[in-house]
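Not measured: the values here are computed from a predicted model. Note that these values count all heavy atoms, side chains included, but never hydrogens, waters or copies made by symmetry.
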Amino acid sequence: MKPELVRLKKEDFKEVVNLLNFVFTVQNGAKTDFENLFPRIFIESEETMGWHVGAKIDGKLCGIAASYPLTYRVGGVDLKVSAGGNVAVDSNFRGQGVMQSILNEIDKQDRDNGFDISYLHGDRFRYRNFGYERCGIECSFTILRQMIGKDLPKRKIRFLDLRSQNEALVKDVYKLYNQQSVLIFRDYDSFMLSLTAKGMVPFAVLTEEEKLVGYFCIGMNNFSISEIFIKDTTMFKEIIKNFMQQFNTGRVTLSLPYYDPLTEQAFLYSDRCSIIQPANFKIYNFKRVVESFMKEKMLHETLPDGCITLDSEIFGKWSIKKIGEKVQVEEYSGQAEYVLPEFTVYHFLFGSLTFKEYLKGDKADVVKAWFPLPLYCPYLT
């Protein structure tokens, strides 16, 4: 029987949670509790359940996936982002095309709703079939006590667990969050729910003089930082050293976007640094996405003026032009300089490994300077 595809409603909440908990508990080999893992997303409401597409047979939910809407400011442009997630099918209905039907429906609705870009995590080979490709740039750091120094910090830094603090401090941290030039728009009412997702502990960072200088979220079981903002990046070493001392750990890990002001500081004091592709991406609005990430890169690097033309099997023909402070991405009808079959367009523009064949000819210096653009997936929660 062909499943019925529906946008889920408030009354589906318990069935959604039960299906996801069951599927991911079996898959991960450990108990999974989606309500506690993602408190902002899994609320029994029409809005949050409406982000999910379900497949039902005889009224019973047999498969599910979600498209979470985010507004992502990057390069001074507000991108409409679809964050995919919670892809699950009841084991009794696998191999019957259930997930294919759901993801195709989400793709149709994302296009109809005017999303600029979609991303999700998971296996590259699986989601390539739905038009996604793994790419982008994320910097992953491992910081050891030996690298940052075992001597005592020069001054004391305080870390206040925001879960137990008064509302005034939470509001101050929320204001600090909104000072970032690259961010996901979060409303205040869901801010703490976002910071505490996946069991993370949010800390406000204060000086001895009680001045708020930053915040971060960390998993206390493995000391992995999922989100961090420090107003004065030169305080990074001092803050991390204080944290390691006060919480008796010799190791902290964190991942940052390529353009984050903290990446250079984190690199200076990391024992290991790796560049990884953060997610599988699918671009709907080629012009807006390329322009926004190119503008963002221009804020951090001096890029030469120039123009290139490309012919992509996926996106068609485009010209990309940068003159002074202006970036223009426009449709193109002539003979293109770069012909990009299949998914190579994602790697040409956003790949951490550039194909050497594209670094030849009189535009090689421009291509090498402009790309890769710092595509990154923002915080889902």
Engineer: If every non-hydrogen atom of F34 is compared with every non-hydrogen atom of N21, which pair is closest and at what distance?
Structural biologist: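 Where F34 meets N21 most closely, the heavy atoms are N-OD1, 2.9 Å.
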
Engineer: If we ignore angles and hydrogens, is there a donor and acceptor under 3.5 Å between the side chains of T263 and D260?
Structural biologist: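 No, no side-chain donor-acceptor contact under 3.5 Å.
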
Engineer: Taking the inter-plane angle between the rings of F203 and F159 on a 0 to 90° scale, is it parallel (under 30°), tilted (30 to 60°) or perpendicular (over 60°)?
Structural biologist: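 F203 and F159: perpendicular rings.
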
Engineer: Only one of K80, R288, R111 forms a salt bridge (charged side-chain N to carboxylate O under 4.0 Å, His left out) with D116, so which one is it?
Structural biologist: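 The option that passes is R288.
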
Engineer: Quick check: closest heavy atoms across F281 and C135, and the distance to 0.1 Å?
Structural biologist: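 What the structure gives for the nearest pair is CE1-O, 3.3 Å.
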
Engineer: Between E208 and R158, is the closest basic N to carboxylate O distance under 4.0 Å?
Structural biologist: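 No.
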
Engineer: State plainly whether one hydrophobic cluster holds both V173 and L193, where clusters connect Ile, Leu, Val, Met, Phe, Trp and Tyr through side-chain heavy atoms under 4.5 angstrom apart.
Structural biologist: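 Different hydrophobic clusters.
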
Engineer: Kindly write out the residues that satisfy side-chain contact (heavy atoms from CB on, under 4.5 Å) with N248, not counting sequence neighbours, or none if the list is empty.
Structural biologist: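 Per chain and number, N248 pairs via side-chain contact (heavy atoms from CB on, under 4.5 Å) with no residue.
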
Engineer: Quick check: is W318 connected to Y346 through a chain of hydrophobic side chains (ILVMFWY, heavy atoms under 4.5 Å apart)?
Structural biologist: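 In one cluster with Y346: W318, yes.
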
Engineer: Do F115 and L120 share a hydrophobic cluster, counting only Ile, Leu, Val, Met, Phe, Trp and Tyr and linking them when any side-chain heavy atoms are less than 4.5 Å apart?
Structural biologist: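 In one cluster: no.
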
Engineer: Is there a salt bridge (Lys or Arg N to Asp or Glu O under 4.0 Å) between R186 and E227? Walk through the geometry before answering.
Structural biologist: CA-CA 14 Å; R186 293 165 167 164; E227 181 174 342; 2.9 Å; yes

Engineer: Describe, in one word, how the ring planes of F223 and F243 are oriented to each other, choosing from parallel (under 30°), tilted (30 to 60°) and perpendicular (over 60°).
Structural biologist: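 Rings of F223 and F243: perpendicular, as their planes differ by over 60°.
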
Engineer: Check for a donor-acceptor pair, side chain of T309 on one end and backbone N or O of S319 on the other, with a separation under 3.5 Å.
Structural biologist: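 No; judged by distance alone, with no hydrogens or angles, the pair does not exist.
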
Engineer: Quick one: salt bridge (Lys or Arg N to Asp or Glu O under 4.0 Å) partners of E291, sequence neighbours excluded?
Structural biologist: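 E291 satisfies salt bridge (Lys or Arg N to Asp or Glu O under 4.0 Å) with K287 once adjacent residues are dropped.
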
Engineer: Just jot down the side chain to side chain donor-acceptor pair (under 3.5 Å) partners of N18, sequence neighbours excluded, or say none.
Structural biologist: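 Result, side chain to side chain donor-acceptor pair (under 3.5 Å) vs N18: none returned.
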
Engineer: Check F191, F229, F185, F216 against Y177 for a ring-ring contact (aromatic ring centres under 6.0 Å, His included) and give me the one that passes.
Structural biologist: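 The passing option is F191.
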
Engineer: Could you check K282 against D107 for salt bridge (Lys or Arg N to Asp or Glu O under 4.0 Å), going step by step and ending with a plain yes or no?
Structural biologist: CA-CA 10 Å; K282 177 161 55 177; D107 175 74; 2.7 Å; yes

Engineer: So N104 and F130, do their side chains get closer than 4.5 Å, heavy atoms only?
Structural biologist: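 Side chain of F130 against side chain of N104, heavy atoms only: contact under 4.5 Å found.
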
Engineer: Just say parallel, tilted or perpendicular for the rings of W51 and Y68, cut-offs at 30° and 60°.
Structural biologist: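 Because their plane-to-plane angle is over 60°, the rings of W51 and Y68 count as perpendicular.
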
